[in-house]
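In the text below, chain A, chain B and the rest are named by the order of the sequence lines, each starting its count at 1.
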There are 2 protein chains.
Amino acid sequence: MATGLTPPPCSHAAAKVPVGDKHVGFLFAGCPELIGTPFSYTREEEVYGEGEDAEFVYKVVSGAVRTYKVLSDGRRQITGFHLPGDLFGFEQGEAHRHTAEALSDTKVLIFGRRQVERAANHRAEVACQLWGMAKMSLRQAQDHMLLLGRRSATERVAAFLMDVEDRLGSTGTFDLPMTRRDIADFLGLTIETVSRTMTQLEENGALLRAGGRQVTLRRSHLRRVVED
Amino acid sequence: MATGLTPPPCSHAAAKVPVGDKHVGFLFAGCPELIGTPFSYTREEEVYGEGEDAEFVYKVVSGAVRTYKVLSDGRRQITGFHLPGDLFGFEQGEAHRHTAEALSDTKVLIFGRRQVERAANHRAEVACQLWGMAKMSLRQAQDHMLLLGRRSATERVAAFLMDVEDRLGSTGTFDLPMTRRDIADFLGLTIETVSRTMTQLEENGALLRAGGRQVTLRRSHLRRVVED
DNA sequence: CGCAGTATTGAGCGGTGTCAAGTTAGGTGG
DNA sequence: CCACCTAACTTGACACCGCTCAATACTGCG
């Protein structure tokens, strides 16, 4: 399928990459020339820092990673959480424009950026896959802009919880892989507001909590909160 | 340069597309098989709507376009303004996930999405250019997330004004191509806050205004406002 | 000159942020 | 296994930034 003469349109090819599929060491399916090197990070360890040369790109195998930007006075915006199956570390340009850190002990596959670019230059199909992934990330970013610009704290938290559950593939009860601070810095809120909002959602019967991180979502209630 | 056997890495190729260059009808430099059809829209005219089949992609020749998302209750988030030289209309998937409208009378070049995708499938270089453009858009989106999530109204407006001036290639005095409502919906504010903030910036000597849309920026002052 | 759309200004309110205690959870050593 | 300790989380009181509602002024165009 990978080397067919008439591959499907780029967007289709990218859409077919199954979420969570590990591709046993490959960057994506049907690309055996791009084999990643396994690597591990411990909790809170930096994967790369803003301004560093973008030498590698990464695929999460287990654990979770946050990428963020900071202002000089410490205000932080997390632009994405990267869960198993996700790729991160692609940049427009030579240098990383984010910092990336492991949320918990995390295993990744590392791919040389140069190698990936070389493969993209030689094989249109690879470039199309990468294009599709970038468009996917862009779509997520645009959805998040709507959330940051126009949604209330309650809507943000509710949408976030449903999104994380979806991406973890969880059904029912699960543990949030990030702290309140991380959630707050992703949603453009403070930890206090996140905490209060979750309490309020629990009071409204939209979720159950146990032990800080563990939550059980009542999707029907939460969907009503988010509306649209 | 375009068809060399050892093209530069994708990111380089994309970075070399000069901002504002019209490429005389081409989607981008060195891609003569993708010739756009000129088309015009009048002020406030819809280019495409959310949910519509994504049949074309667009390159702005003159004028300006906004792309946005709306919630069911009317809250709107503009995710981007597209000025001469900019491309828009690429989607991850078959359907548009935004609405696009002309801010003023606008000329564009239209390219068939299928054709573009076919070209990308056949020529790695084309796909790399498209990948690079998507990464560029993603970078802008991520910067905007930081603005929406973590910056004050004053910082947002100041950063916005400098950005528009940069992109218009203006030096000194220029006319904002969009209304206060558009600015507000881009910055995640209300029109009143945008208006008040601009008044305040003028009082602080960070800019001069004339006739509603016309502004003259004092970049040194504005940079101090944004800080980082 | 008049009209309609656009922008500004003002007063008051409310949702989030800030600051400050408490409380809980989870890990470590006795 | 428990006591302790620290980090994470929750809760409360209050302040403030930006929103809402309302009135006024401007601008561009017929």
**OP:** Could you tell me whether the side chain of Leu138(A) reaches within less than 4.5 Å of the side chain of Gln92(B), counting heavy atoms only?
**Re:** no

**OP:** Using a 4.5 Å cut-off on heavy atoms from C-beta on, say whether the side chain of Phe56(A) contacts that of Thr37(A).
**Re:** no

**OP:** Give a yes or no on whether the ring-centroid distance for Tyr48(B) and Tyr58(B) is below 6.0 angstrom.
**Re:** yes

Original post:
In terms of ring plane angle, is the pair His144(A) and Phe186(A) parallel, tilted or perpendicular, where the classes change at 30° and 60°?
Top reply: parallel

Distance in angstrom units between [X] [atom1] and [N] [atom2], rounded:
| X | N | atom1 | atom2 | value |
| --- | --- | --- | --- | --- |
| Leu201(B) | dT8(C) | CG | C1' | 15 Å |
| Ile191(A) | dA21(C) | CD1 | P | 16 Å |
| Asp175(B) | dT27(D) | CG | P | 12 Å |

**OP:** Could you check Gly188(A) against Arg209(B) and say which one's nearest nucleotide on DNA chain C is further toward the 5' end?
**Re:** Arg209(B)

Subject >> Whichever of Glu44(B) and Ala153(A) has its nearest DNA chain C nucleotide further upstream toward 5' >> reply: Glu44(B)

Are any of [X]'s side-chain N or O atoms less than 4.0 Å away from OP1 or OP2 of [N]?
| X | N | result |
| --- | --- | --- |
| Thr199(A) | dT11(D) | yes |
| Thr193(A) | dT16(C) | no |
| Arg196(B) | dT9(C) | no |
| Arg213(B) | dT6(C) | no |

Original post:
Going by modelled atom types, is there a donor-acceptor pair between the base of dC9(D) and the side chain of Glu192(A) at under 3.5 Å?
Top reply: no

